Amino acid sequence: MGNLLLQMLVATMTSLKIFGLTLLFSLPLGMLVAKGRMAKNPIISNVVNVYIMIMRGTPLILQLLFVYFAPYYIFGSSYDRFTAVIVGYTINYAAYFAEIYRGGIQSIPVGQYEASLVLGFSKAHTFTHVIAPQVVKRIIPAMGNEVITLVKDTALAQTIGVAELFRVAQNASAREFSTMPIFIAGVFYFLMNAIVSRSFDLLEKKLNYYR
Amino acid sequence: MGNLLLQMLVATMTSLKIFGLTLLFSLPLGMLVAKGRMAKNPIISNVVNVYIMIMRGTPLILQLLFVYFAPYYIFGSSYDRFTAVIVGYTINYAAYFAEIYRGGIQSIPVGQYEASLVLGFSKAHTFTHVIAPQVVKRIIPAMGNEVITLVKDTALAQTIGVAELFRVAQNASAREFSTMPIFIAGVFYFLMNAIVSRSFDLLEKKLNYYR
Amino acid sequence: MEIITIDNLQKSFDGLGVLKGISFTLNEGEVLSIIGPSGSGKSTLLRCLTQLEPVNGGTINVCGQTMVSSTKEGVVSYADKQTLRSVRLNLGLVFQNFNLFPHMSVLRNITEPQMHVLKRSKQEAEKVGRELLKKMGLEEKEKAYPDQLSGGQQQRVSIARALALNPTVLCFDEPTSALDPELTGEILRVIKDLAKEKMTMIVVTHEMAFARDISDRIIFMDDGLIVEEGTPEALFGNPQNPRTQKFLNRYE
Amino acid sequence: MEIITIDNLQKSFDGLGVLKGISFTLNEGEVLSIIGPSGSGKSTLLRCLTQLEPVNGGTINVCGQTMVSSTKEGVVSYADKQTLRSVRLNLGLVFQNFNLFPHMSVLRNITEPQMHVLKRSKQEAEKVGRELLKKMGLEEKEKAYPDQLSGGQQQRVSIARALALNPTVLCFDEPTSALDPELTGEILRVIKDLAKEKMTMIVVTHEMAFARDISDRIIFMDDGLIVEEGTPEALFGNPQNPRTQKFLNRYE
Amino acid sequence: AGTKEQAPGVDNSLQKIMDKGTIVMGLDDNFPPMGFRDEKGELVGFDVDLAKEAMKRLGVELKLQAIDWNAKEQELNTGNIDCIWNGFTITPERQEAMTFTPAYIHNAQVVVVRDDSPYTTLASLSGKTVGYQAGSSASNAIDDTPEFKQSVKSFVEFKENLTGLMDLEIGGIDALVVDVTVAEDNIKRSGKPFRILEEELAPEDYGIGFRKGEQKLADAVWQQLEAMAADGTLARISTKWFGSDITVVAK
Ligand SMILES: Nc1ncnc2c1ncn2[C@@H]1O[C@H](COP(=O)(O)OP(=O)(O)OP(=O)(O)O)[C@@H](O)[C@H]1O
Ligand SMILES: Nc1ncnc2c1ncn2[C@@H]1O[C@H](COP(=O)(O)OP(=O)(O)OP(=O)(O)O)[C@@H](O)[C@H]1O
Ligand SMILES: [Mg+2]
Ligand SMILES: [Mg+2]
């Protein structure tokens with residue numbers, strides 16, 4: 001039993017690695033995608049829109065299989081499965097984050113841009129110092145939901161053979177012929193999500209110094 | 001090839017059945033859950049809150065396994081896997097829908113209740129004729145997102161042995177040594193979601209006769 | 001004939017007294033205005049009367065039915081559901097911010113309560129609705145939705161909605177305060193017309209000139225109490241209480 | 001000395017002319033008020049001047065620099081980025097609805113532009129900021145956030161924010177129209193003080209008494225054109241154009 | 001099939017592995033006793049022991065890679081793994097698509113039922129519900145037994161044999177078709193009241209699968225197995241896992 005828990009903790013580390021790396025890459029990539037989606041150039045914005053629609057319209061499992069196996073069939077080369085998991089999750093979540101960013105950016109009143117312009121702010125400074133901080137505050141609830149979904153979605157990495165928490169729980173369950181490990185995994189996911197929820201609540205409160 | 005498509009269409013019917021039945025049951029159940037969550041009795045509202053937190057905090061796959069196998073280990077009796085899928089999806093989605101309903105109901109100004117009360121409306125009439133129609137309009141975008149997720153989540157039913165679209169695609173893929181069937185499944189999911197999206201857009205437009 | 005009798009009405013929020021013993025009567029055909037500074041409890045009084053807030057003490061009697069009464073020891077007892085319902089039907093309330101049903105057309109806003117509450121047929125309800133809309137000068141708007149109307153028009157629809165149920169008394173809570181000055185006129189004219197038709201009314205307002213104009217009697221409230229009460233001539237011409245004097249001074 | 005020269009300025013939205021050839025000059029230390037009915041193009045004029053809207057024709061010259069010019073054939077050419085930037089720095093704009101940065105404290109709202117645009121040190125910027133806040137009677141509020149201030153206070157912060165960049169001309173677009181009457185007074189007093197200090201200003205306003213009070217010159221606009229222009233005495237005392245007469249009549 | 005840099009007709013598969021110094025073996029890490037994870041999370045099992053010894057003798061390092069069994073063909077084809085060695089049944093379809101060694105164990109697909117159930121023959125399962133692991137050779141075995149396939153009411157595919165066994169236990173299915181080795185091992189370790197029908201489905205052979213055309217590599221590995229059979233190593237490993245020597249190399 002102690003051994004099982006240890007094993008599951010190790011697997012949890014894998015799940016957390018997937019979680020962390022996906023966030024690390026998809027959060028900034030999502031911003032690029034959002035910018036693309038809002039681009040004045042209709043070709044760019046339409047292409048990006050199709051990308052977003054595909055990412056949101058097809059199951060993540062399928063995207064993972066595709067990301068892992070398609071490069072071989074197309075380019076004749078393949079790569080590490082963990083890398084594939086990170087790439088798959090990143091491009092999927094970037095699409096979701098992009099739509100959240102876009103909603104946030106478009107909800108900032110035009111007056112904020114006009115005031116910045118008239119005061120002589122550069123475009124970059126306007127974005128980093130005026131718009132972005134306000135966007136962050138507005139998108140926190142939506143981001144919280146998405147990040148919780150990511151915690152749960154890490155369970156799908158086993159599709160291409162990555163031994164994350166849920167895979168290990170299923171193996172242990174097979175070995176010991178008991179549903180207990182799966183149940184324990186459920187508790188782990190629940191705890192991780194409780195932490196994520198709590199963090200977002202705190203962040204939300206912290207940003208409540210202005211309305 | 002023609003055979004493969006036929007097979008996938010049959011499996012798509014299973015996916016659609018899961019989709020349809022889940023909506024059929026979880027939409028009303030979600031309303032009950034929302035009412036429970038908003039109950040004045042703190043015991044009821046807290047119990048319901050824990051239920052919602054578990055449903056949102058743990059992977060759906062795990063819930064499916066639990067719903068299917070737990071009754072045997074606890075009560076010594078079991079039931080049909082398809083029923084288990086529907087039960088699992090229903091209690092999961094009811095939790096999500098409940099939170100959407102609750103958000104919608106709580107966003108209706110208190111003045112609407114007061115006006116109904118002063119005019120002499122019964123509570124039931126107030127809910128069905130004044131509150132609900134306004135809630136529907138407000139929650140449509142959030143419901144749209146959730147229903148799209150449901151379409152994709154039907155792919156997880158294979159966990160407990162239901163041969164839905166994605167399972168059949170994976171089998172065909174293994175049989176024919178090709179990712180094509182999986183790709184075709186992707187197109188199917190995409191089309192289903194395109195239809196769902198479009199329907200919600202239309203519904204949204206239809207309800208735009210008032211603000 | 002006395003239609004409303006309120007005796008020693010008490011109401012507090014979280015232990016803080018807001019109404020500290022209000023007593024007055026309203027006779028048939030009378031127009032009563034309630035004036036007073038912000039926070040004096042005018043809205044709360046109307047809300048207690050229309051059952052939107054429970055009271056903490058006192059008696060309210062409407063059209064001969066006791067809606068709520070309380071013993072000396074402060075035990076409050078409300079009437080049974082049936083009576084409360086019938087009392088509610090005797091009272092119409094026009095809200096400050098209208099509270100129309102945004103998803104119903106103007107006509108439907110007026111017919112829906114008639115059909116559900118008075119069990120009128122759709123035809124009959126629409127006939128009554130159209131007549132009222134005509135009276136309000138809104139015959140062209142029956143198919144419109146509330147958000148397509150100006151504030152003044154919305155307020156007139158909400159008056160029509162209340163009138164459609166034939167209330168014995170019509171209560172207004174600052175019916176013009178959500179309107180810009182231009183639109184205020186329309187509503188005041190409508191209420192004046194109702195006064196001429198001898199509709200019994202209670203009007204909470206801060207439009208002094210208007211109160212003076214339409215009222216048979218005026219109550220001046222301050223800090224949860226009725227400070228002074230009288231005819232418009234007496235109250236405006238010769239206020240007795242220093243607080244009334246000070247309040248009215250601001251409005252000259 | 002002429003600070004702003006505008007010649008034959010034209011602007012249309014979707015082909016619909018909003019400014020149909022506006023020409024005027026502004027001299028150093030002068031206070032110019034622009035009045036006129038709603039939709040006459042007053043805001044659009046200020047927005048063209050502050051580069052918030054591109055023009056469709058005409059010439060704008062600020063502090064000797066040509067910001068935009070156009071040929072007879074209607075080919076509009078803007079100055080290079082560098083010049084546009086320097087022109088922008090000569091003009092301060094105070095918005096009708098303030099547009100303060102809600103996530104920055106009051107002081108930071110004023111220091112941020114100084115540090116980023118004028119490259120002042122934080123210390124220097126805060127010194128300037130505190131002086132301006134004192135001048136605006138807001139020394140106690142530097143740590144507050146905009147949403148904790150009344151409308152009038154917010155407007156004064158936004159004036160301080162504009163002044164902190166030492167603009168040659170300060171433009172106001174109906175600086176009091178988002179405020180209730182009680183708060184209007186504060187702002188008018190601040191602008192009057194600035195006028196006394198010989199700040200060059202353009203003030204779009206519908207407060208006639210105020211315009212009359214502070215202005216060296218008043219422009220009356222209607223339907224995208226300057227209908228009449230003159231000293232307050234001339235314009236209010238003896239308006240020449242029938243449209244001006246009619247407009248001013250409403251305000252007596 | 002085959003790696004793309006390989007010129008047609010030239011088999012440099014062995015050379016490539018020797019140059020690399022490592023060989024990646026793909027296996028389902030949830031397939032006891034052939035390959036599974038022990039309590040420490042280490043990959044162990046009969047096939048794992050065999051492969052370790054064979055590769056040691058071949059002089060290359062063995063890397064074990066757990067894969068999703070449903071995706072094994074893609075894994076092999078895309079070069080993520082070099083062989084599939086995990087109770088891998090030799091079937092004609094698979095032989096079309098890849099290169100196999102000869103059989104090293106005879107296996108059979110057997111039918112597991114609950115001990116208290118009345119079923120004794122394949123025929124007695126007529127009109128019942130039968131499960132198997134998706135993508136496993138059980139499905140081929142069923143296809144090759146048409147009378148049985150037609151008599152059964154419906155088939156249920158599981159992602160995992162475990163889910164299937166649990167489902168059998170709770171009565172969701174009446175029988176599970178599974179490798180005899182897996183079946184015996186599971187019954188032994190779980191202590192659940194299951195039994196195996198005597199009547200077998202298609203008997204079959206386990207082999208090691210390589211990319212199509214990589215004959216030299218397959219031959220080299222096979223030579224090591226033959227050597228292990230000769231010096232008794234094979235028998236020792238078999239006895240450790242199955243209690244007797246059930247291998248068929250060089251017999
Ligand atoms: N729901 C409530 N909870 C707590 N306090 C309340 C509540 N409603 C009203 N009050 C308090 O009761 C007092 C009287 O409020 P009320 O709205 O009746 O005043 P009013 O005379 O209508 O004022 P106004 O002219 O501003 O509308 C105020 O101090 C108010 O803050
Ligand atoms: N972005 C825009 N797109 C289209 N039309 C516009 C736009 N901005 C202003 N207009 C139109 O230009 C005309 C002049 O508008 P402007 O805001 O300049 O008037 P104004 O004199 O400031 O009026 P007010 O006193 O109401 O502020 C109006 O008819 C307005 O509808
Ligand atoms: Mg009030
Ligand atoms: Mg304007």
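If you're wondering where the values come from, they're calculated on a predicted model, not measured in any experiment. Letters go in sequence order (proteins before strands), and every chain restarts at 1.
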Side chain, backbone, both or neither: which part of Gln63(A) has a non-hydrogen atom closer than 4.5 Å to chain B?
neither
Given Leu62(B), Asn145(B), Leu60(B), the one with more heavy-atom pairs under 4.5 angstrom with chain A than any other is Leu62(B)
For the residue pair Leu65(B) and Phe166(A), establish whether any side-chain heavy-atom pair is separated by less than 4.5 Å.
yes
All pairs passing side-chain hydrogen bond (donor to acceptor under 3.5 Å, both in side chains) where residues 103-113 of chain B contributes a residue, at least two apart
Ser107(B)-Arg138(B), Gln112(B)-Gln134(B)
For Tyr96(B), which atoms come within 4.5 Å of any heavy atom of chain A: side chain, backbone, both, or neither?
side chain
Need one label for Ala185(B): side chain, backbone, both or neither, based on atoms under 4.5 Å from any heavy atom in chain A.
both
Given heavy-atom pairs under 4.5 angstrom as the criterion, report whether the side chain, backbone, both or neither of Asp153(A) touches chain B.
neither
At a heavy-atom separation under 4.5 Å, does Ile182(B) approach chain A through its side chain, its backbone, both, or neither?
both
Region of Met192(A) in contact with chain B, defined by heavy-atom distances below 4.5 Å:
neither
Does atom CZ (Phe66(B)) have a neighbourhood of more than 12 heavy atoms from anything else shown, all under 6.0 Å?
no
Indicate yes or no: at least one non-hydrogen side-chain atom of Ile54(A) is less than 4.5 angstrom from one of Phe190(B).
yes
Out of Ala194(A), Ser197(A), Gly57(A), which one racks up the most heavy-atom pairs below 4.5 Å with chain B?
Gly57(A)
Check for a donor-acceptor pair, side chain of Lys152(B) on one end and backbone N or O of Arg56(A) on the other, with a separation under 3.5 Å.
yes
I want to check something: taking the side chain as every heavy atom from C-beta on, are Asn193(B) and Thr58(A) in contact at a cut-off of under 4.5 Å?
no
Answer yes or no: are there more than 12 heavy-atom neighbours, outside Ile43(B) itself, under 6.0 Å from its atom CD1?
no
Relative to chain A, which of Ala155(B), Ala70(B), Ala169(B), Gly186(B) shows the most heavy atom pairs under 4.5 Å?
Gly186(B)
Contacting moiety of Phe183(B), where chain A heavy atoms sit under 4.5 Å:
side chain
Which heavy atom of Leu156(B) sits nearest a heavy atom of Ile61(A), and at what distance?
CD2-CD1, 3.8 Å
